[in-house]
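Just below is one structure, and these are the notes that go with it.
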Amino acid sequence: MNTGSTTTTFRVKDYDLAATLMSGQVFRWDRRDEGWIGVVGARWVHLRSHDCSLAAETVEPVSDWDWLARFLQVDISLNEVLLTFPGDEPMRAAVAACRGLRVLRQDPWECLASFILSSTKQIVQIRQVISLLSRKFGVPLPVPPSYAPAFAFPSPVRLAGATEAELRFCKMGFRAPYLLAVARKVASGKFDLDRLREMPLAVARNELMTLPGVGQKIADCVLLFAYGAQSAFPLDVWVLKALRQLYFPWKRASIQQLRRFATGHFGPNAGYAQQYLFHYVRTKMKMRSPKPKRTSLARVEKK
DNA sequence: TACCAGGAGAGCG
DNA sequence: CGCTCTCATGGT
């Protein structure tokens, strides 16, 4: 009988693990021991990147690693994805800046809940809120000796039984009633996350947008990051700025114009392209303070 | 200290 | 449709 192992290796080329785990798709991974610590489903996982492979370690023996291969999307040929990108200069620069960035495949509930909590928050804050939420409501998981405690992402049923005040204690502010309402809909079966898989993309998107706290941007994030909708194109403030500066520096493009441009321009893997643009503007372009502040004048004068 | 953050919803014309 | 305001909270 095969009881499995606590370690495995995935052979994969062009996989920038650090960029992928820290590019605002997932919010629960921390650097440690030359690698990364995180939770996938109900398992504590340690990941480490090598030249042409990813090494994984769990606490309890695993006989079937499909769940992790799926999360990491190690079977995707990055080159085939990149070949579908438009050959324009901004896209070329974005890819060159971070070849190896991947789009993960997350659990739908964790992804949906996480992005409901993401609105108008910085990534570091999102990480903090989700950490507090998991610690307070998540099931504790076995971890190796000397490692920090780890928790599963709280289930819809668990959160549905919480109060708004308890959620607000996790510093999620006005997003608390949204998360609570959505948790209750999912827990009660009134909203079926599995059913979205069988729907055409536009229908699934509209379904998600019926949920409180879920608009176009968050719906697109969930479709892209959890359901594998490669053409979904989350349009957030960063990607907006990137499109305006890189593609329309000469005019004031409205958000609707940019949305239409994006869905037509970036092809079948538009979501993947979006992730490269997002990472590119956040790490390389340093487009801080798009409009001059009055207060900065005094500072300049002082200099 | 002010501004801003992987937005969404409600109220308005 | 498109604009504006508000929501809570911490980072820079």
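Quick note on labels: first sequence line is chain A, next is B, and so on, each numbered from 1. FYI, side chains are in, hydrogens and waters are out, and symmetry mates aren't considered; it's all heavy atoms of this structure.
Residue contacts shown for Phe27(A) are absent, as no nucleic acid heavy atom lies under 4.0 Å away. Counting any heavy atom pair closer than 4.0 Å across all strands shown, Ser114(A) reaches no nucleic acid atom. Across all strands shown, Gly24(A) has heavy atoms under 4.0 Å from base atoms, whether or not it also approaches the sugar-phosphate. Nucleic acid contact class of Val214(A) (heavy atoms, under 4.0 Å, all strands): sugar-phosphate only. Within the nucleic acid shown, Leu211(A) comes within 4.0 Å of sugar-phosphate atoms alone, with no base atom in reach, counting heavy atoms only.
For residues 199-225 of chain A, the set of pairs meeting the ring-ring contact (aromatic ring centres under 6.0 Å, His included) definition, not counting sequence neighbours, comprises Phe115(A)-Phe225(A). Residue pairs that meet the ring-ring contact (aromatic ring centres under 6.0 Å, His included) test with at least one member in residues 168-214 of chain A, sequence neighbours left out, do not exist here.
An aromatic stacking contact between Trp238(A) and the base of dG6(B) is absent, as defined here by ring centres under 5.5 Å apart and ring planes under 30° from parallel.
With rounding to whole Å, Leu240(A) atom CG is found 11 Å from dG7(B) atom C1'. Between Ile255(A) atom CD1 and dC1(C) atom P the separation is 12 Å, expressed in whole Å. Protein atom NZ of Lys241(A) is 11 Å distant from nucleotide atom C1' of dC3(B), rounded to whole Å. Between the CD1 atom of Ile116(A) and the P atom of dG6(B) there is a distance of 18 Å, given to the nearest Å. For the pair Leu112(A) CG and dG6(B) C1', the computed distance is 15 Å after rounding to whole Å. Counting to the nearest Å, the C1' atom of dA8(B) and the CG atom of Leu208(A) are 14 Å from each other. To the nearest angstrom, P of dC7(C) lies 20 Å from CG of Leu167(A). Atom pair Gln256(A):CD and dG2(C):P shows a separation of 6 Å (rounding to whole Å applied).
Each of Ile123(A) and Met209(A) was matched to the nucleotide of DNA chain B holding its nearest heavy atom; the match closer to the 5' end belongs to Ile123(A).
Follow the hydrophobic side-chain contacts under 4.5 Å out from Ile123(A) and you never reach Trp29(A); the two are in separate clusters.
For Arg127(A), the salt bridge (Lys or Arg N to Asp or Glu O under 4.0 Å) criterion is met by Asp30(A), not counting sequence neighbours. By the side chain to side chain contact (heavy atoms under 4.5 Å, CB included) test, Arg195(A) pairs with Asp192(A), Glu198(A), Met199(A), Glu207(A), sequence neighbours left out. For the ring-ring contact (aromatic ring centres under 6.0 Å, His included) test, no residue two or more places apart in sequence or in another chain qualifies with His279(A). Here Asp64(A) pairs with Asp66(A) under the side chain to side chain contact (heavy atoms under 4.5 Å, CB included) rule; sequence neighbours left out. Residues satisfying the ring-ring contact (aromatic ring centres under 6.0 Å, His included) test with Trp36(A), not counting sequence neighbours, are none. For the salt bridge (Lys or Arg N to Asp or Glu O under 4.0 Å) test, residues two or more places apart in sequence or in another chain that qualify with Arg92(A) are Glu89(A). With sequence neighbours left out, the side-chain hydrogen bond (donor to acceptor under 3.5 Å, both in side chains) criterion links Thr84(A) to Asn269(A).
For Tyr147(A) and His46(A), the ring centers are positioned 6.0 Å apart or more.
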Dump every N/O contact between nucleotides 10-12 of chain C and the protein below 3.5 Å, one line per pair.
from	atom 1	to	atom 2	distance (Å)
dG10(C)	OP1	Lys171(A)	NZ	3.4
dG10(C)	O4'	Gln125(A)	NE2	3.2
dG11(C)	O4'	Gln122(A)	NE2	3.0

Each nucleotide N or O in nucleotides 11-13 of chain B that has a protein N or O under 3.5 Å away: list the pair and distance.
none

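If you check dA5(B), dG6(B), dG7(B) against the side chain of Gln274(A), the one that comes closest is dG6(B).
The same atom, P, is picked in dT4(C) and in dG6(B); the two are 23 Å apart, to the nearest Å.
Of the residues in residues 174-187 of chain A, Phe174(A), Tyr178(A) come within less than 4.0 Å of DNA chain B through at least one heavy atom, sorted by number.
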Could you walk me through whether Gln216(A) and Arg205(A) pass the side chain to side chain donor-acceptor pair (under 3.5 Å) test, one step at a time? CA-CA 8 Å; Gln216(A) 298 183 48; Arg205(A) 190 168 186 263; 3.3 Å; yes
